[in-house]
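So the structure is just underneath, and the comments pick up after that.
The first residue in the sequence is number 1, and the count goes up from there. In listed order, ligands and their atoms are each counted from 1.
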Amino acid sequence: MADNYSNFVNKNPLGRKIAGTVGLPKPPVLRRYEPGQDLTTGPVAIGSFDGGNIAKALTSIVESSGAAVLTATPESTYDKGSLGAAVYDATGIRTIDDLESFRATFAPAVKALGKSARALIIATPPAEQDDPEAAAAQQALEGIMRSIGKELLRGATANLIWLSRDAFDEPEVLASPVRFFLSSRSAYVGGQPLRVGAAPVPEVEDWRVPLKGEVAVVTGAARGIGAKIAEVFARQGATVIVVDIPAAGESLAKVANKIGGVALQLDITAPDAGAKIAEAVARKGDKLAAIVHNAGITRDKLFVNDDKDRWGSVIAVNIKAEMAINATLLDPSLPGGLKEGGRIIGVASTSGIGGNRGQANYAASKAGVMGLVRAEAPELAPRQITINAVAPGFIETEMTAKIPFATREVGRRINALMQGGLPVDVAEAIAFLAEPGSAGVTGQVLRVCGHSQLGA
Ligand code: NAD
């Protein structure tokens, strides 16, 4: 459900008229995923620099999803608003002057993007370049992407994939990220660079249910974002164990019943929380495919006025519990522990990137989650376990409903899409990271913030 202002200026005839006459901002209605939906709203124009390194693979990824591909060149012409996506393989760009060739091809395609369409640049990490100018030219692409993202209208977004050079010969790692960014599942993900590296990618039998036959755990799932994550995981085929505190037992049971999952009443800060989770997984007779550390609390106070209890409770729930549970579940010999190729996903926050008044404790915990995934990723890589975080911006939940009106209204509008995200937007991003096909994505923080100015 969109916020009242968005509904008024988009759906109410009087509101539409007033917004048009006075020139009020009109937050676009975003296209969101529904089963059976086409990947994109129209054909996908794919361009490349000098033939590219992975343009052929991109074409086959898009074609195999059922979308039509057009070859983008500087001479290409498109009907206004006709394109579902513009994609560019920029991995071959080596000099600053090469960027002009990119501009000449990409700009006409971006100009023809329709409602909720996608601009996607595939670049290669600047740090991997052997030449400073090549690094500068590749980094320039991120700046371009972030600017395009702020220019696009009508729910269209721009993102970038940093494809590691060692993955040029294994482009199958791109399929899951490209599908995610082009689809409506990334409705509220904008202005984001995501690194994709080489990794063994299991064959995906059915993209609609990539977690079929798998067991997943979601903490803090009695309401809000966690309840949605559980729903989306169930849609993706997983059996979901939903975890929340005993006081939320009734709502937790409702969530579990709705999705045919299992409710586990548990305070994640309990010393045996990891063991209890593993027992519940083992009762399903399996190893764990994915754990989402979503449970989180705020106890806002200015840093100078904070106290040990308030500080400690935020740190305990938002980061210490996650570390302790991971340590337990990562024991390879534990029945119900995380399996080889498993997925750990933390829920951080843009507060942990940009900081927030009164939230030093919360920002500490959420920045900590980001530090954790970056540091643990290489350690877990030999077991093909990935660890990532999503950082939601302003999401419409009971947590944000408690924010005073004026602050809430600012928080909700200071992003390129001029609206708060919905719990499902965070859930879709997490489900993408949990897919077996996302094996090449690890140690990453993916923001789900509508291309927010905060921490930008
Ligand atoms: P919410 O308060 O609606 O839900 C959080 C859930 O976690 C609740 O059901 C709560 O009972 C549970 N929980 C709290 N402590 C627990 C514990 N010790 N053990 C087990 N469960 C516990 O919050 P939300 O808005 O849905 O947020 C979910 C996550 O997303 C949190 O980590 C939050 O920090 C993060 N986040 C939210 C936003 C937003 O805008 N809503 C933005 C950035 C990050």
Side-chain angles (χ1 to χ4, degrees), residues 3 188-189 217-232 241-256 263-274 276-277 280 291-300 312-322 324-325 345-356 359 361-370 372 389-403 407-408 410-415 419-427 429-430 445-450 452 454-455:
D3 60 271
Y188 199 63
V189 180
V217 167
V218 182
T219 69
R223 67 180 204 188
I225 295 172
K228 254 315 165 209
I229 300 168
E231 262 180 52
V232 172
I241 298 173
V242 289
V243 177
D244 213 301
I245 48 173
E250 208 174 308
S251 344
L252 188 69
K254 277 193 193 143
V255 173
L264 176 63
Q265 293 186 14
L266 176 70
D267 182 332
I268 56 161
T269 62
D272 61 350
K276 285 267 160 54
I277 288 172
I291 178 150
V292 183
H293 297 287
N294 164 77
I297 58 169
T298 50
R299 296 285 182 274
D300 293 2
S313 60
V314 172
I315 297 290
V317 176
N318 294 5
I319 173 122
K320 279 177 82 172
E322 180 166 337
I325 291 170
I345 300 142
V347 178
S349 166
T350 49
S351 271
I353 300 170
N356 229 356
Q359 288 202 323
N361 52 17
Y362 183 73
S365 68
K366 296 300 187 179
V369 167
M370 296 184 242
L372 189 70
V390 296
F394 186 99
I395 307 295
E396 306 283 354
T397 66
E398 289 181 43
M399 190 185 255
T400 47
K402 284 191 217 139
I403 302 172
T407 318
R408 189 168 73 229
V410 172
R412 167 187 278 157
R413 303 284 167 223
I414 51 163
N415 59 72
Q419 59 195 288
L422 300 184
V424 70
D425 300 329
V426 183
I430 291 174
V445 177
L446 179 61
R447 283 166 53 169
V448 183
C449 63
S452 172
L454 188 74

If I apply the N/O under 3.5 Å rule, does V347 come out as touching ligand 1?
no
Please determine whether side-chain contact (heavy atoms from CB on, under 4.5 Å) holds for the pair V217 and V243, giving the CA-CA distance in whole Å, both sets of side-chain angles, and the decisive distance to 0.1 Å.
CA-CA 7 Å; V217 167; V243 177; 3.9 Å; yes
Suppose we screen for salt bridge (charged side-chain N to carboxylate O under 4.0 Å, His left out). Which residues come up paired with E250, at least two apart in sequence or across chains?
none
Against ligand 1, does E396 come closer than 4.0 Å with any heavy atom?
no
Among I325, V347, V218, I345, which residue satisfies the side chain to side chain contact (heavy atoms under 4.5 Å, CB included) criterion with H293?
I325
What is the closest protein heavy atom to atom 37 (C) of ligand 1, and at what distance does it sit?
I225 CD1, 3.7 Å
Answer yes or no: does an N/O atom from N294 fall short of 3.5 Å to an N/O atom of ligand 1?
yes
With sequence neighbours left out, the residues meeting side-chain hydrogen bond (donor to acceptor under 3.5 Å, both in side chains) with K366 are none
Considering both backbone and side-chain atoms of T400, is one of its nitrogen or oxygen atoms within less than 3.5 Å of a nitrogen or oxygen in ligand 1?
no
Taking only non-hydrogen atoms of L266, do any sit less than 4.0 angstrom from ligand 1?
yes
Run T298 and Q359 through side-chain contact (heavy atoms from CB on, under 4.5 Å) and show every step you take.
CA-CA 8 Å; T298 50; Q359 288 202 323; 3.9 Å; yes
Side chain, backbone, both or neither: which applies to N318 and ligand 1 if a contact is any heavy-atom pair less than 4.0 Å apart?
neither
What part of T397, side chain from CB on, backbone N/CA/C/O, both or neither, has a heavy atom under 4.0 Å from ligand 1?
side chain
Ignoring angles and geometry beyond distance, decide whether D244 reaches within less than 3.5 Å of ligand 1 through its nitrogen or oxygen atoms.
yes
Heavy-atom gap A321 to ligand 1 smaller than 4.0 Å:
no
Part of I395 with heavy atoms under 4.0 Å of ligand 1, whether side chain, backbone, both or neither
both
Test item: side-chain donor near acceptor, S365 and N318, under 3.5 Å
yes
Taking 4.0 angstrom as the limit and counting only heavy atoms of D267, give me the atoms of ligand 1 inside it, by number and element.
17 (C), 18 (N), 19 (N)
